[in-house]
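Numbers restart at 1 for each chain; the letters A, B, ... are given by sequence-line order, proteins then strands.
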There are 2 protein chains.
Amino acid sequence: MTEEDHEPAAGTHAGQVNMADVARRAGVSIATVSRALRGLPGVSPRTRSRVLSTVEELDYVVSPAASSLRGATRRVAVVLPRLDSWFASTMLATIESTLRQADLDVLVYQVGTEEKRTHFFRDLPTRRKVDAVVLVTLPIGGEEEARLDLMGVQVVIAGTRLRDFPSVSVDDVAIGYGAVRHLVDLGHRRIGMIRTFDTDGAQWASELNRLTGYLNAVAAHDLPDDPALVATVPYGIDAGAEGMRQLLALPEPPTAVFCYSDDIAVAAMTALSQRGLRVPEDISVIGVDGHALGELFRLTTIDQHVTDQARTASTMVLDLLAGHSLADSRVTLPTHLVERGSTGPPAPSRTREQRAGRTRSAQ
Amino acid sequence: MTEEDHEPAAGTHAGQVNMADVARRAGVSIATVSRALRGLPGVSPRTRSRVLSTVEELDYVVSPAASSLRGATRRVAVVLPRLDSWFASTMLATIESTLRQADLDVLVYQVGTEEKRTHFFRDLPTRRKVDAVVLVTLPIGGEEEARLDLMGVQVVIAGTRLRDFPSVSVDDVAIGYGAVRHLVDLGHRRIGMIRTFDTDGAQWASELNRLTGYLNAVAAHDLPDDPALVATVPYGIDAGAEGMRQLLALPEPPTAVFCYSDDIAVAAMTALSQRGLRVPEDISVIGVDGHALGELFRLTTIDQHVTDQARTASTMVLDLLAGHSLADSRVTLPTHLVERGSTGPPAPSRTREQRAGRTRSAQ
DNA sequence: CTGAAAGCGCTTACAG
DNA sequence: CTGAAAGCGCTTACAG
């Protein structure tokens, strides 16, 4: 007797409490427990509350594995190149918050290297595990793209576009163009750019597009289009500093520099301050992102509202899972110039003479 | 006839291919398919390869939901306060890589606010969804701690300690002590600290411990222990700058400052450079973390090897899932002073006189 | 080496 | 409003 009183409330077997345990204890059928638990109609208030209190008592939770054997998994995968960039972690943070509110669980997959990307698209580890996958700024080749169709789940693209998948992104060409234009408006003519390349050999759409925007603006405003004004450096913490060093080593350095990202811009500014050069008096710097760090360094930037992009992508996921068709919904979000202290008019005459002198003596 | 040839290779029904489809097509039983797929003994090489090629052909993948109905979920949850800090995103990135290699999937839960934390520990959303959960630097109260036992899964703690759960962390008291000691060795006596507090009201163990280390060192070396030398500022991008401003506003500012983290230290250094003060000539700055940004700013820091911590935590998870008991395995990893350019000897006489003068005229 | 069958823990028509 | 039962897609003793 006393012995029996000590049997665990959790049921007779060692493992998890299951729905049968609850049903038995509440004196109803399994079906009724299931209905009561999910708030389905056809359960009397009394029965429902009895079930619910038994559930409480036994500290029972439904097995997601068993229930998803029929329906949805209520899981979403977020796939991104790396987590250690401001862009990526902000994306993931916002997507997680938004989806979690809708009671969805979020799985993360980092596919930063060529190898991991290949594996991912070959094995498609997300198949049958999730209801949807969000691909964040992934460089995707032709074969990989084809594999996407086999994924068997909803696909949303964030930070770029891909075929006719639902996507949210910004206009990176316009970003590059707008940055240069801002510098032109301030009176600059000799404008450099610092871009990065992935040491892994991947082609980043945004990277290419921002360069295109830069080049378009250079052409449109009839600026000097010296190829040496574009410094291309390997991605890394020091990238911006290295790029700036290259530009400063030119016979005729630029008076303003457009940087691929805020990270790059901040690093570029450290290289300037190490040389004793002032921003923006000696050289103007503009970035892209809206990184919190930019505020600290009074960096002028083009804000691409990453949080908004992430929220939009999340909403798309929610809509798709709700059964809405999102055919042809490729959203381009607006970006905004945020003027802070790192851009200003060039110091024209002095700089020009100095440069001319230096150029001649160098040759 | 021709019609039948056109039936989808995927099987007769619209949805997913299942194991029965594969079995039928390969002309074997479901049991054999299951065995072949998991490399179990008791399947002839011929049969195995036939099954495997059928699987290939039908592009079949096992349903994780169905197979986890018995065994493990092969999923691990990583729970952290926020993702938008260097520490957190580095942790998650490394844990994901490590666990992914072991073919485990990683779920993320951000519980940054008091409210989310309460919800998390009340609802325990990870129950029955994962095999293990890694709690990263989570401030955990008494009741929450009790709920952990109900989680029903393996628990690993990273970045701090909790009861006798397996954990990996560093000695934050030693970090605070070591930082101050480094400054003392350089000749500093008047040493400040910039700490932060969570705007959400949470108590961070590492925060408290580093302060304790600082205070211990101050006492041990008989340094001036003016309470005003500890600037406590709300967490945020500007925290370090704000803290430094407070310290500089003192009648007698410190000659060196220990910052809670590298982020804080970098922000503090921007405040200094805006005042035209040089690091380390006018004031020394030391941080904690080993953040990549620190390299860029030539910041002296105490590296807490976050990647190692993350790897250790991942290994613990793997061990636990392999059935090894990890009772009483609370690992404390070593930290290292990384001397870069932001700390140096004080400029004693000048500074002292100047201060003395200032102090008098101020009173 | 192989298969028929029970069972994992649910959900959902189908009866009543 | 409630329950018995089939079925989701696997895994795993148990026979052979």
Side-chain angles (χ1 to χ4, degrees), chain A residues 10-52 54-55 58-75 127-131 152-153, chain B residues 10-52 54-55 58-75 127-131 152-153:
Chain A
T12 41
H13 50 281
Q16 286 285 356
V17 184
N18 62 24
M19 203 175 264
D21 295 325
V22 177
R24 203 173 306 127
R25 184 118 175 176
V28 296
S29 71
I30 294 183
T32 297
V33 175
S34 177
R35 289 190 195 103
L37 234 28
R38 295 182 307 125
L40 294 183
V43 183
S44 75
R46 304 192 34 148
T47 309
R48 185 185 307 277
S49 76
R50 183 145 40 93
V51 169
L52 260 27
T54 309
V55 162
L58 298 184
D59 207 44
Y60 168 74
V61 267
V62 170
S63 156
S67 57
S68 74
L69 215 46
R70 316 201 133 247
T73 64
R74 301 210 59 77
R75 247 171 268 137
R127 282 200 295 176
R128 307 195 76 170
K129 286 182 189 166
V130 298
D131 300 332
V153 300
Chain B
T12 43
H13 50 280
Q16 286 284 356
V17 184
N18 63 23
M19 205 175 262
D21 295 325
V22 177
R24 203 173 306 128
R25 184 120 177 175
V28 297
S29 72
I30 293 183
T32 297
V33 175
S34 176
R35 289 188 196 105
L37 233 30
R38 294 181 309 126
L40 294 184
V43 184
S44 77
R46 304 194 33 151
T47 309
R48 186 185 306 278
S49 76
R50 184 147 37 92
V51 168
L52 259 28
T54 307
V55 163
L58 297 185
D59 206 46
Y60 168 74
V61 268
V62 170
S63 155
S67 58
S68 73
L69 215 47
R70 315 203 132 247
T73 64
R74 300 210 61 75
R75 247 171 268 138
R127 283 201 295 177
R128 305 197 77 168
K129 286 182 188 165
V130 299
D131 300 332
V153 300

Would you list the atom pairs, donor with acceptor, under 3.5 Å between side chains in residues 40-48 of chain B and any protein atom, with sequence neighbours excluded?
{"residue": "B/Ser44", "atom": "OG", "partner": "B/Thr47", "partner atom": "N", "Å": "3.1"}
{"residue": "B/Ser44", "atom": "OG", "partner": "B/Thr47", "partner atom": "OG1", "Å": "2.6"}
{"residue": "B/Arg48", "atom": "NH1", "partner": "B/Ala36", "partner atom": "O", "Å": "3.4"}
{"residue": "B/Arg48", "atom": "NH2", "partner": "B/Leu40", "partner atom": "O", "Å": "3.2"}

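With contacts defined as side-chain heavy-atom distances shorter than 4.5 Å, the pair B/Lys129/B/Thr73 does not qualify. Annotation: side chain of A/Val62 is not in contact with side chain of A/Arg38 (no heavy-atom distance under 4.5 Å). For the pair B/Leu37 and B/Leu52, the minimum side-chain heavy-atom distance is below 4.5 Å. When side chains are defined from C-beta on, A/Arg127 does not count as touching B/Tyr60, because their heavy atoms never get closer than 4.5 Å.
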Nucleotide by nucleotide, nucleotides 10-16 of chain D touches protein heavy atoms under 4.0 Å in the pattern (B base, S sugar-phosphate only, - none) SBBB---

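The phosphate of C/dT2 has neither OP1 nor OP2 within less than 4.0 Å of any side-chain N or O from B/Thr32.
Although no hydrogens or angles enter the test, the distance criterion places no donor-acceptor pair under 3.5 Å between the side chain of B/Ser34 and the main chain of B/Ile30.
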Could you provide the dot-bracket string of DNA chain D, using ( ) for intrastrand pairs, [ ] for crossing pairs and | for bases paired to another strand, with Watson-Crick or G-U pairs below 3.5 Å? |||.||||||||.|||

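Annotation: the span from A/Ser68 atom OG to A/Arg75 atom CZ amounts to 5.5 Å, rounded to 0.5 Å. We find the CG-OG1 distance between B/Asp59 and B/Thr54 to be 13.0 Å, quoted to the nearest 0.5 Å.
Taking atom CZ of B/Arg127 as the reference point, atom P of C/dG9 lies 16 Å away to the nearest angstrom. Atom CZ of A/Arg24 and atom P of C/dG9 are 11 Å apart (whole Å).
Mapped onto DNA chain C by nearest heavy atom, B/Leu69 and B/Ser44 fall at different nucleotides, with B/Ser44 at the one closer to the 5' end.
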